[in-house]
Amino acid sequence: MISKFLAAMAVAAVLHITPTVVLVQRPDAVKALLPGAEAFFAREVHLSNTDAHRLHEAVDWSPEDGVLTFYTGKTADRVAGALVFVRVDTPHGPVEVAVGFTPAGAIGGVVVTKATVETKPWVLEALRAGLVDGYKGLKPGSTPAGAAALKDRIGALPAYMAGQLDKGVARALLAYGTFYRGAKT
Amino acid sequence: MVYDLRHADTRLRWLVTCLLGTFGVAYLFGAWMVGLYAGFTPRSVAATYRGPKMPMHMPPETTVVVEHAVTLGELAEPAHTVDRDLLVQDTHVHIPMYGVIAAALSAVVLGLALPSWAGFGLITLLFAAPWLDFAGMWLTKLVAPGFALVTLAGGWAMGLGYGIVTALAMWQMWTPKKGVAG
């Protein structure tokens with residue numbers, strides 16, 4: 001009886017997702033990913049049912065309220081780049097990545113903005129091993145493979161989180177390719 | 001009843017003391033966390049659980065793009081709110097734990113020298129407090145912001161229940177009794 005009770009307590013503890021930790025403030029991520037930008041614009045893409053379904057089928061992602069928000073940075077009249085924040089829900093809690101795109105349409109940088117108390121050390125280990133460097137230059141249509149590239153250099157849980165971050169970058173690539181570059185305002 | 005903390009073995013009284021001390025630390029940090037994420041006023045609790053008033057999302061017939069200028073300040077994190085999904089998770093995780101805590105404190109109540117009605121009352125208070133707490137959160141979210149008062153009442157009732165049990169237990173367990181050797 002007591003062992004069953006303890007087991008139930010342990011399960012409850014395991015299921016308790018630890019609080020979210022902000023690794024980088026969103027404005028700081030924007031400044032890092034859109035260097036030199038002086039003005040910022042939010043491009044809100046309100047997805048139709050068909051497009052929302054297509055996005056979900058492709059990358060297992062449904063943005064909050066069906067709205068994809070891209071942020072564009074401009075310097076005078078020149079576009080400095082665009083970025084999108086993507087949340088990935090893992091069994092250990094959510095992580096959020098900011099994926100920045102150059103005017104040429106390739107990934108210019110990736111910043112992990114949020115993790116949880118539990119996943120933060122795993123995320124940091126993956127970042128220290130150079131996870132985000134592998135994303136630079138990827139264009140829509142390519143597949144991020146940061147976890148595979150690092151798997152022999154980092155522990156199992158950091159590699160797992162790298163896989164989750166790959167998922168976030170894949171979502172950003174598809175969303176950007178389909179709904180930013182492919183859309184008309 | 002044989003179970004009487006006033007005359008219990010010192011080890012049992014020490015166990016109860018440690019248990020209450022541990023709960024006390026947990027409650028202090030709980031209050032700190034409430035202060036960080038929800039606040040102690042009806043307005044702040046309502047804002048946390050009610051969330052911003054959003055129109056029901058209706059997807060457009062075709063995908064629509066809207067662009068507007070933003071400042072970096074607008075990109076900063078919004079105030080912490082608890083959406084329905086998070087409240088489901090919080091309720092799922094916390095209600096069992098609150099039940100276990102109320103049961104542990106009730107077990108202490110059973111060992112106190114109290115009139116039967118006082119024992120019933122305290123046990124009811126210990127279990128009612130978390131129910132009020134979470135009922136208030138759900139009612140605030142689903143019915144009206146004014147139910148934040150129910151959540152606040154639940155939170156204070158939890159502290160009150162713990163305070164009464166701890167004070168009575170410490171008094172009855174550790175104050176010298178007439179005619180009893182220490």
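Residue numbers begin at 1 in each chain, while the letters A, B, ... track the order of the sequences.
- What you find for Thr20(A) and Pro94(A) is that their closest heavy atoms are OG1-CG, 4.3 Å.
- Ring geometry for Trp156(B) versus Phe40(B): interplanar angle of 30 to 60°, hence tilted.
- Side-chain contact of Thr72(A) with Tyr180(A): a donor-acceptor pair under 3.5 Å is present, judged by distance alone.
- Contacts between Tyr71(A) and chain B at a heavy-atom distance below 4.5 Å involve the side chain alone, from C-beta outward.
- Near-neighbour residues of residues 23-40 of chain A relative to chain B, defined by a heavy atom under 4.5 Å from a heavy atom of that chain, comprise Gln25(A), Arg26(A), Pro27(A), Val30(A), Lys31(A), Phe40(A).
- By number of non-hydrogen pairs under 4.5 angstrom with chain B, the leading residue of Asp51(A), Leu68(A), Val22(A), Thr50(A) is Asp51(A).
- Chain B forms more heavy-atom pairs under 4.5 Å with one residue of Phe70(A), Phe85(A), Phe41(A) than with any other, namely Phe41(A).
- Formation of a donor-acceptor pair under 3.5 Å by the Arg6(B) side chain with backbone atoms of Met173(B) is not found in this model.
- The pair Glu67(B)-Arg43(A) meets the salt-bridge criterion, with a side-chain N (NZ, NE, NH1 or NH2) lying under 4.0 Å from an Asp/Glu carboxylate O.
- Between the side chains of Glu96(A) and Thr113(A), at least one donor N or O lies within less than 3.5 Å of an accepting N or O.
- Between Tyr27(B) and Phe23(B), the ring planes are parallel. Angles under 30° get that label, and only those over 60° would be called perpendicular.
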